[in-house]
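Step one of this worksheet: look at the structure below.
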Amino acid sequence: MKGIVRNIAVLAVICSMLATIMSACGSSGGKASSSPSTDASASGGASNLKPYEITMAFITVGSQTQGIPAVQEAISKITKEKINATVKLVPISYGTWAQQMNLMMAGDEKLDLLVSGMGTYNAQVAQGQLIPLDDLLDSSGKGITETFSPEILKATYINGKIYGVPSNRDLAADYGFVMRKDLVDKYAIDLTQIKTIDDLDPIFQKIRDNEPNVTPLVSYVPGSTPADSIYPMMYDYLDDKLGVLPDHDNGLKIVNLFESENYQKVIHSIRRWYLAGFIRKDEATSKDNATDLIKAGRAFGFFTSLKPGYEQQATRAAGTEMVSVRLSQPITTTKNITNFMWSIAKNSKDPQRAMMFLNLMYTDKDIINLLDWGIEGEDYVKVSDNVIDYPPGKTAADVAYGLNLGWLFGNQFLSHVFKTDSPDIWQQMDAFNKGSKKSKALGFTFDVLKVKTETAAVANVMNQYRLGLETGTLDPDKTFPQLNKDLKDAGIDKVIAEKQRQLDEWAKKQ
């Protein structure tokens, strides 16, 4: 989202990021374009352009990045011919993303394309970190604009301008708990009996009692919490969680998340799990991610946002079969669209060339499959024309390019289908997106400019409390009164009032 930046003072932004990082695939149409604007040939050929290196920064959530140099080289061979540019891939771990982005922006370090959104899209725009894309899309981004319906791109508008374009993936999410199938089978866990998060208590207890080296519940990535994928079932958190919309409607009347009854119930459940030993004592400060812990046999499961085929994706990432319990219907909010986007940094020395390459990420199958899967024959092999598998003798755990981030890069609907996925996975994803419950505020993006001082102050307060509170480390009965006092002193009521004013104005224009 997140996702949160999904950073406020590093942590607050990471806090905002949450939950869904594992969402992944699908979109509202998935059309590929062969538009002349895809490459430089329409204007006389790549030779008419000066050589340029495009620096592209993106998040990673695992440790298998050894294959990135080979992928970078293969992509650059394509882009050299099409737009006379090479590409430098800059992977940054999710847990340090916000800090690294702030440093790169502040130091005017060379940066062209970056992942934007993750909970701080509006803040990135207010701080002038991203450039408007409207004219660049018109001149060199036809493949992108043909991929999405107008209402999807409209959801990215801030003050009538586009500063980021979403990856073409799952633009809706249902939420639930993902867990190891071997332990579900071993203890005959009946997943049909799990209807709410509180139905997980006896399952966590069984794992705790019988598997002393396995933690029942872990956070998906460093800086995230179990709450991040629980309260989105109940609220549209309207970009930054500072003022949310209950049940994704509530007559467009915003409430304070941290004073709301449902949020406080969630936090008390997490505190109960923490005291029972279902959550690690150092969860608030841990640098581990769920996938690596499960690979090592040290974790049972995690909360996350889901989508069609998610279980197969999680299985590939974890190296062991994973199953899930879905606890909500599919939901689409502006955040689902803006949580993971691509933007051009203010630092870019050639925004036009950056847009040319971004357009290729939505139109060129070879580039998409390099970014999604790596090098054919080394990281994957073809089973049929569009179906792939790992090479003989290799698994998800030992391929060099094991990012499993197909949902992040451009147009995933152009990606090969892994053999354990349904052959019609992209059609399923399209139906999932279209059939989801739509938030009444879908398309609204909060502009923090008028309350940026208060927003920063509130973020600093959250930096003190959020991870401790949402991992169960802090006692909510003692923490909530002080947290809400500090939030009010920092100006959260003013932020919520301004958000309500903007939402009311937005609603009048719909």
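Residue indices begin at 1 and follow the sequence shown.
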| note | Residues Pro232 and Ala227: closest non-hydrogen pair is CD-O, 3.9 Å
| said: On the six-membered ring of Tyr157, is Lys154 placed so that its NZ or CZ lies under 6.0 angstrom from the centre and within 45° of the ring axis? | reply: no
| request: List the steps, then state whether salt bridge (charged side-chain N to carboxylate O under 4.0 Å, His left out) holds for Arg316 with Asp421. | output: CA-CA 10 Å; Arg316 290 193 298 272; Asp421 288 324; 3.2 Å; yes
| said: Surrounding CD of Glu81 (heavy atoms of other residues, nucleotides or ligands, distance under 6.0 Å), is the total greater than 12? | reply: no
| query | So, for His416 and Tyr380, is the gap between ring centers shorter than 6.0 Å? | reply | yes
| query | For Ala459, does its backbone N or O pair with a side-chain atom of Asn463 as donor and acceptor, under 3.5 Å? | reply | no
| query | Under 3.5 Å, is there a donor-acceptor pair between the side chain of Gln329 and the main chain of Asp174? | reply | no
| field | Heavy-atom check, side chain of Pro308 versus side chain of Ile425, under 4.5 Å | value | yes
| So do the side chains of Thr445 and Thr156 get within less than 4.5 Å of each other, counting heavy atoms only? | no
| query | For Asp134, which residues count as a side-chain contact (heavy atoms from CB on, under 4.5 Å) partner, sequence neighbours excluded? | reply | Pro132, Lys161, Ile162
| query | Looking only at side chains, do Asn84 and Lys80 share a donor and an acceptor under 3.5 Å apart? | reply | yes
| message | Tell me whether Lys346 at atom NZ has more than 12 heavy atoms from other residues, nucleotides or ligands lying less than 6.0 Å away. | response | yes
| request: Examine distances only and state if a side-chain atom of Asn347 and a backbone atom of Glu109 form a donor-acceptor pair shorter than 3.5 Å. | output: yes
| field | Lys508 and Asp504 ion-paired at < 4.0 Å | value | no
| Is it the case that Ser343 and Ser116 place a side-chain donor and acceptor less than 3.5 Å from each other? | yes
| request: Could you tell me whether a side-chain N or O of Trp506 sits under 3.5 Å from a main-chain N or O of Ala441, the two making a donor and an acceptor? | output: no
| query | Parallel, tilted or perpendicular for Tyr220 and Phe302, by the 30°/60° rule? | reply | tilted
| field | Pair Asp108 + Lys110: basic N to acidic O under 4.0 Å | value | no
| Side chains of Lys419 and Ile388: closer than 4.5 Å at any heavy-atom pair? | no
| query | Any side-chain heavy atom of Phe58 within less than 4.5 Å of one from Leu408? | reply | yes
| Is Glu454 close to Ile492 at the side-chain level, that is, under 4.5 Å between some pair of heavy atoms? | no
| request: Indicate whether the side chain of Ser76 and that of Thr79 have a donor and an acceptor atom separated by less than 3.5 Å. | output: no
| task | Would you check if the distance from the ring center of Trp407 to the ring center of Phe340 is below 6.0 Å? | result | yes
| query | Looking only at side chains, do Ser167 and Gln412 share a donor and an acceptor under 3.5 Å apart? | reply | no
| message | Contact between Trp97 and Met101 at the side-chain level, heavy atoms closer than 4.5 Å - yes or no? | response | yes
| note | Only one of Asp372, Leu371, Thr60 passes side-chain contact (heavy atoms from CB on, under 4.5 Å) with Leu403, and that residue is Thr60
| Testing Phe409, Phe418, Tyr401 for ring pair (Phe, Tyr, Trp, His ring centres under 6.0 Å) with Trp373, which one passes? | Phe418
| Non-neighbouring partners of Glu261 that pass side-chain contact (heavy atoms from CB on, under 4.5 Å), sequence neighbours left out | Lys265
| said: Please evaluate residues Leu153 and Ile337 with respect to the criterion side chain to side chain contact (heavy atoms under 4.5 Å, CB included), reporting the C-alpha separation (whole Å), side-chain torsions for both, the decisive distance (0.1 Å), and the verdict. | reply: CA-CA 9 Å; Leu153 288 178; Ile337 296 169; over 6 Å; no
| query | So, Ser260 versus Asn262: side-chain donor-acceptor pair below 3.5 Å or not? | reply | no
| task | Kindly indicate, with the supporting measurements, whether the criterion side chain to side chain donor-acceptor pair (under 3.5 Å) is fulfilled by Lys438 and Ser436. | result | CA-CA 6 Å; Lys438 304 301 190 292; Ser436 65; 3.1 Å; yes
| said: Under a 3.5 Å threshold, yes or no: a donor from one side chain and an acceptor from the other, between Ser439 and Thr333? | reply: no
| Honestly, is Lys88 close enough over Phe357, meaning NZ or CZ under 6.0 Å from the six-membered ring centre and within 45° of the axis? | no
| Contact check, side chains of Leu137 and Val165, non-hydrogen atoms, under 4.5 Å | yes
| task | Ignoring hydrogens and angles, tell me if any N or O in the side chain of Asn359 forms a donor-acceptor pair with the backbone of Gly143 under 3.5 Å. | result | yes
| Okay, side chain of Tyr94, backbone of Ser224: is any donor-acceptor separation there less than 3.5 Å? | no
| task | Answer whether the closest heavy-atom distance between the side chains of Val178 and Tyr310 falls below 4.5 Å. | result | yes
| Are the charged groups of Glu146 and Lys142 less than 4.0 angstrom apart, N to O? | yes
| said: Using 0.5 Å steps for rounding, measure from the CG atom of Leu503 to the CG atom of Leu245. | reply: 7.0 Å
| Salt bridge Asp112-Lys349, side-chain N to carboxylate O under 4.0 Å | no
| What do you reckon, are the aromatic ring centroids of Tyr235 and Tyr263 less than 6.0 Å apart? | no
| task | Please check if the side chain of Gln502 supplies one atom and the backbone of Asp447 the other of a donor-acceptor pair under 3.5 Å. | result | yes
| field | Listed partners of Asp366 passing side-chain contact (heavy atoms from CB on, under 4.5 Å), at least two apart | value | Ile78, Asp364
| said: Check whether Glu311 reaches the backbone of Val323 with its side chain - one donor and one acceptor, N or O, closer than 3.5 Å. | reply: no
| field | N/O donor-acceptor pair under 3.5 Å between Asp389 side chain and Val383 backbone | value | no
| field | Lys NZ or Arg CZ of Arg326 over Tyr175 ring: under 6.0 Å, within 45° | value | no
| said: Using only atom types and a distance under 3.5 Å, with no angle test, would you say the side chain of Asn369 pairs donor to acceptor with the backbone of Lys365? | reply: yes
